[in-house]
Amino acid sequence: MLDWLSSIGDFFNYVTNPIDTLMAFLMQLAVEALNWCLGQLINVMKLTDTFAEVKFTQELFLLINYSCGILATAVASYYLFSNVLDIATGGEGEPITKILGKFLSYGYRILAMPFFLFVALELNSGFIKVIQAFGLDSQSIADNLKLSNDDSTAFLKRISSLFSIGENSVLITAFFAVIMAVVFVVLLFQLITRTGDVFFLYMYIPPIAITVFSRDLDMYSTWWRQLISVIGGQSLQLIGIYAGIQFLLEGHGIIGMGILISTIRTPAVMKEFAYNTGGGGIVRQAVSTGSLMLIR
């Protein structure tokens, strides 16, 4: 009987105090969103670990690597036997350096795509471990923000101190808490989307490897630009997230939020640099030049 009367009392409190109800809802939403995002943020960034755990991607990437190797072998065999056939039919043939040059123009370009994508992912994983060693730990961040407490009052007071808001300004504190939660949710979904981008970078390798034989339909440089924008955007976002969180936790909430909000834009900025400044061509030229130096 008393429980039923208490429920009626709670219902009338919700009806008569809509602002308090909304505030409680927003605080609970912000706390749960931040807890979930911080728990997933680091794991999503480790792209190689994610793919290594799934048997389908293991087999698919292995098949793609084999197909590139077979295609590169076919290119080398074609140039070698065409030269032998030319000599056998009375021709002069081509010098070995020219044959190697043709192989670099086609075969090496094919093999470079899966190799450098793998290297980029390994570097990304190592970079994340370095940033983690500097203190990017989800549990310590959650503890600092008082997200582990059942009572949202501690979280509310912590947000007030981070953004230098008076304790009586509950609405402004709730606003910043929700904005912070939204920013982390957007960043997390961007990182999740990038996982799909990396997957399709692998998937695009076989058809792009075939297009290197055609000057009219050569998408090789486009693939390199996309690789730069994806992995480069990942690295920039990781730095931005780390810097923003450090500013945030040290009491510079406004600056920290500014960095985190700008971090959302870094993939678009990186893509613009990659596609408008010839970044893919620079990297491709550097790879080819290094290979020629090794051969010599």
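This one's a predicted model, so the numbers in the text were calculated from it and none came from an experiment.
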Roughly how far, to the nearest 0.5 Å, is the [atom2] atom of [Y] from the [atom1] atom of [X]?
{"X": "Gln246", "Y": "His252", "atom1": "CD", "atom2": "NE2", "value": "11.0 Å"}
{"X": "Ile179", "Y": "Leu260", "atom1": "CD1", "atom2": "CG", "value": "12.5 Å"}
{"X": "Arg158", "Y": "Phe163", "atom1": "CZ", "atom2": "CZ", "value": "10.5 Å"}
{"X": "Gln234", "Y": "Ile128", "atom1": "CD", "atom2": "CD1", "value": "5.5 Å"}
{"X": "Asp197", "Y": "Leu191", "atom1": "CG", "atom2": "CG", "value": "11.0 Å"}
{"X": "Gln226", "Y": "Lys271", "atom1": "CD", "atom2": "NZ", "value": "4.5 Å"}

Could you pull out the closest heavy-atom pair between [X] and [Y], with the gap in Å?
{"X": "Met270", "Y": "Gly233", "answer": "CG-N, 3.6 Å"}
{"X": "Ala120", "Y": "Ile231", "answer": "CB-CG1, 4.0 Å"}
{"X": "Ile228", "Y": "Ala274", "answer": "CG2-CB, 4.2 Å"}
{"X": "Ile205", "Y": "Met113", "answer": "O-CE, 3.8 Å"}

Expected output: side-chain [X] to main-chain [Y] donor-acceptor under 3.5 Å:
{"X": "Ser67", "Y": "Ile64", "answer": "yes"}
{"X": "Gln190", "Y": "Ile264", "answer": "yes"}
{"X": "Asn65", "Y": "Phe61", "answer": "yes"}
{"X": "Trp223", "Y": "Leu201", "answer": "yes"}
{"X": "Ser262", "Y": "Ile259", "answer": "no"}

Do [X] and [Y] sit in one hydrophobic cluster, given that two such residues count as connected whenever their side-chain heavy atoms are within less than 4.5 Å of each other, even indirectly?
{"X": "Ile239", "Y": "Ile255", "answer": "no"}
{"X": "Phe247", "Y": "Tyr242", "answer": "no"}
{"X": "Leu63", "Y": "Tyr202", "answer": "no"}
{"X": "Tyr204", "Y": "Ile70", "answer": "no"}

When you look at Met180 and Leu248, which way does the side chain to side chain contact (heavy atoms under 4.5 Å, CB included) test go after all the steps? CA-CA 10 Å; Met180 188 167 66; Leu248 194 68; 3.3 Å; yes
Side chain to side chain contact (heavy atoms under 4.5 Å, CB included) for Phe176 and Ile172? Distances and angles first, verdict last. CA-CA 6 Å; Phe176 276 102; Ile172 297 177; 3.7 Å; yes
Any chance you could pull the hydrophobic cluster mates of Tyr66, using side-chain heavy atoms under 4.5 angstrom and chaining through other members?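 Leu62, which link up through side-chain heavy atoms under 4.5 Å apart, make up the rest of the cluster.
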Determine, step by step, whether Leu60 and Met203 satisfy the side chain to side chain contact (heavy atoms under 4.5 Å, CB included) criterion, reporting the C-alpha distance in whole Å, the side-chain angles of both residues, the deciding distance to 0.1 Å, and the verdict. CA-CA 9 Å; Leu60 180 63; Met203 292 292 293; 3.3 Å; yes
